[in-house]
Amino acid sequence: MSETNSEYDFIVIGGGSGGISTARRAAQHGAKVALIEGQSRLGGTCVNVGCVPKKVMWNCSNIAQSIKDASGYGFDVDFNGFSWEAIKESRTNYVKKLNGIYERNLGRSEVAHIEGYGKFVGENTLEVNGKLYTAPHILVAVGGAPNDPGIPGQEFGINSDDFFDELDHLPPKVAVVGSGYIGVELSGVLNGLGSETHLLIRRESVLRSFDEIIGETVLQSLQNDGAIVHTNFTTSEVIKAEDGTLTLVNQDGSKVEGFDTVIWAIGRHPLTEQLDLGASGIETDSRGYIVVDEYQNTTCEGVYAVGDCTPAVQLTPVAINAGRKLAGRLFNGQEGLKTDYTNIPSVIFSHPPSGSVGLSERDAVEQFGADSVKSFTAGFTNMYHSVTEHKTRTEMKMVTVGDEEKVVGLHMIGIGVDEMLQGFAVAIKMGATRQDFNDTIPIHPTGAEEVVLL
């Protein structure tokens, strides 16, 4: 091995959104920074096989529905077909454009890009391609990857990464396995584009970590739109027939068959195993996530972690926020700067979209007691559907605590909630009460006005 390189103030392992944002912010504060990434494309999960291409496909599916709705608005529209190949090419080109922007931004920020995979070989010491690097500050931001089910025949299915990288056609009949947001989103996209879509879930509902108003309404919307939902289905085996079609076997022996494609959407795991964290004394939990404190410190002094390799909320903006605040604390003298992990808004790009900020009613009752919690709900059909045959429901729930009715949770599903939630999240973060919402003049006619009328 070569002599140890110790020229950098800060080394970041991982070229995803969290790692790149942290590296650039540290460089902006005057640090000499290097970023290690072994993938040929920068941007991590979000840019390459996550948020960005998913949103493109969600838009695509929405356009398919808009074409169907057009006649209600007086348009005589001829539908001449859909090309999966065309949208895949356009989507890929857009992602490649973003990859290039990330690369150029690193150069503009004077962050050195070390191509390769890093691992720890000692305290605060890394090996990349046979070369050693050390720095007083090292950030681990390696993200995560999809889980495999660990059952016979799992190789006949694809995961959510493969959906973007490998799937080259619109499946005529598809099984999506998983009840989380990835399974819900992919089911909605494929169903909207015309696949016979089956969603297989282990229990009775989807999105169980969210307020029940979201899970129940999303599930009903999927079924109303023609998706077939199999509840209490724990896949124990996949069998490939001579004609190439796939059969999924439930643990009770029942089967569903005839699938062209099976997609595993059963959670993710951190990409920490290859880092040899033990060589630097960095502790992980039982699932492999790096243990960090509120300031992103690991159990090794001078080594930090952000993003999907930690047990924190696994959202791109969370990783970016935590990383930038870490950089400010380390290199800009902003002592005490840290991410506040409460009241984080998030959106599921279901059909229609759903979103949540703060506590579910269930969690609020657990934290404050049933006598202190009040919930206010509204349900309606968005005005967009006033002249369309196809209709979706909008459902809203505000969760409040105490006599002052401080808003501690807001949960919504319906047209436009993905855009409207951000502003309401600011109000909740600032401690708004239900009366503050009610004192705000509504914007009419919109779906959002119903929130301030709850």
For Tyr341, check side-chain hydrogen bond (donor to acceptor under 3.5 Å, both in side chains) against everything at least two apart and list the hits.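 Only Gln296 meet the side-chain hydrogen bond (donor to acceptor under 3.5 Å, both in side chains) criterion with Tyr341.
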For [X] and [Y], test the side chains for any donor-to-acceptor distance below 3.5 angstrom and give the result as yes or no.
X      : Y      : value
Ser179 : Arg208 : yes
Asp161 : Asn159 : no
Asn321 : Thr339 : yes
Arg25  : Ser109 : no
Gln367 : Asp363 : no
Gln314 : Tyr289 : yes

If you measure from the Lys or Arg side-chain nitrogens to the Asp or Glu carboxylate oxygens, is any gap between [X] and [Y] under 4.0 Å?
X      : Y      : answer
Asp211 : Arg362 : no
Glu335 : Arg329 : no
Arg393 : Glu395 : yes

Closest non-hydrogen atom pair, Glu216 against Ser205: N-OG, 4.2 Å
If every non-hydrogen atom of Gly288 is compared with every non-hydrogen atom of Thr272, which pair is closest and at what distance?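 Shortest heavy-atom separation between Gly288 and Thr272 comes out as O-OG1, 2.7 Å.
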Go through Val177 and Leu248 one step at a time and tell me if the side chain to side chain contact (heavy atoms under 4.5 Å, CB included) criterion holds. CA-CA 10 Å; Val177 182; Leu248 282 77; 3.7 Å; yes
Please examine the side chains of [Y] and [X], heavy atoms only from C-beta on, and report whether any two atoms are closer than 4.5 Å.
X      : Y      : result
Leu167 : Asp162 : no
Tyr181 : Ser350 : no
Asp260 : Thr245 : no
Val238 : Thr247 : no

Tell me, yes or no, whether the heavy-atom count around [X] atom [atom1], taken from other residues, nucleotides or ligands under 6.0 Å, exceeds 12.
X      : atom1 : value
Glu123 : CD    : no
Gln334 : CD    : yes
Lys173 : NZ    : yes
Glu85  : CD    : yes
Lys96  : NZ    : no
Glu110 : CD    : no
Lys406 : NZ    : no

Does anything in residues 123-157 form a ring pair (Phe, Tyr, Trp, His ring centres under 6.0 Å)? List the pairs, not counting sequence neighbours. His137-Tyr304, His137-Phe331
Please, which pairs that meet ring pair (Phe, Tyr, Trp, His ring centres under 6.0 Å) have at least one residue in residues 29-57, sequence neighbours excluded? none
Parallel, tilted or perpendicular: rings of His198 and His230 (30°, 60°):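 Because their plane-to-plane angle is under 30°, the rings of His230 and His198 count as parallel.
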Begin with the C-alpha distance, continue with both residues' side-chain angles, and end with the deciding distance and a verdict on side chain to side chain contact (heavy atoms under 4.5 Å, CB included) for Asn99 and Val47. CA-CA 8 Å; Asn99 297 147; Val47 168; 3.8 Å; yes
Using the rule given for side chain to side chain contact (heavy atoms under 4.5 Å, CB included), can you reason through Leu246 versus Ile239, listing the C-alpha separation, both sets of side-chain angles and the distance that settles it, and then say yes or no? CA-CA 6 Å; Leu246 302 173; Ile239 300 170; over 6 Å; no
Glu103 and side-chain hydrogen bond (donor to acceptor under 3.5 Å, both in side chains): which single residue from Arg108, Arg41, His113 fits? His113
Run through Asn5, Ile36, Thr4 and flag the one making a side-chain contact (heavy atoms from CB on, under 4.5 Å) with Leu126.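 Filter result, single survivor: Ile36.
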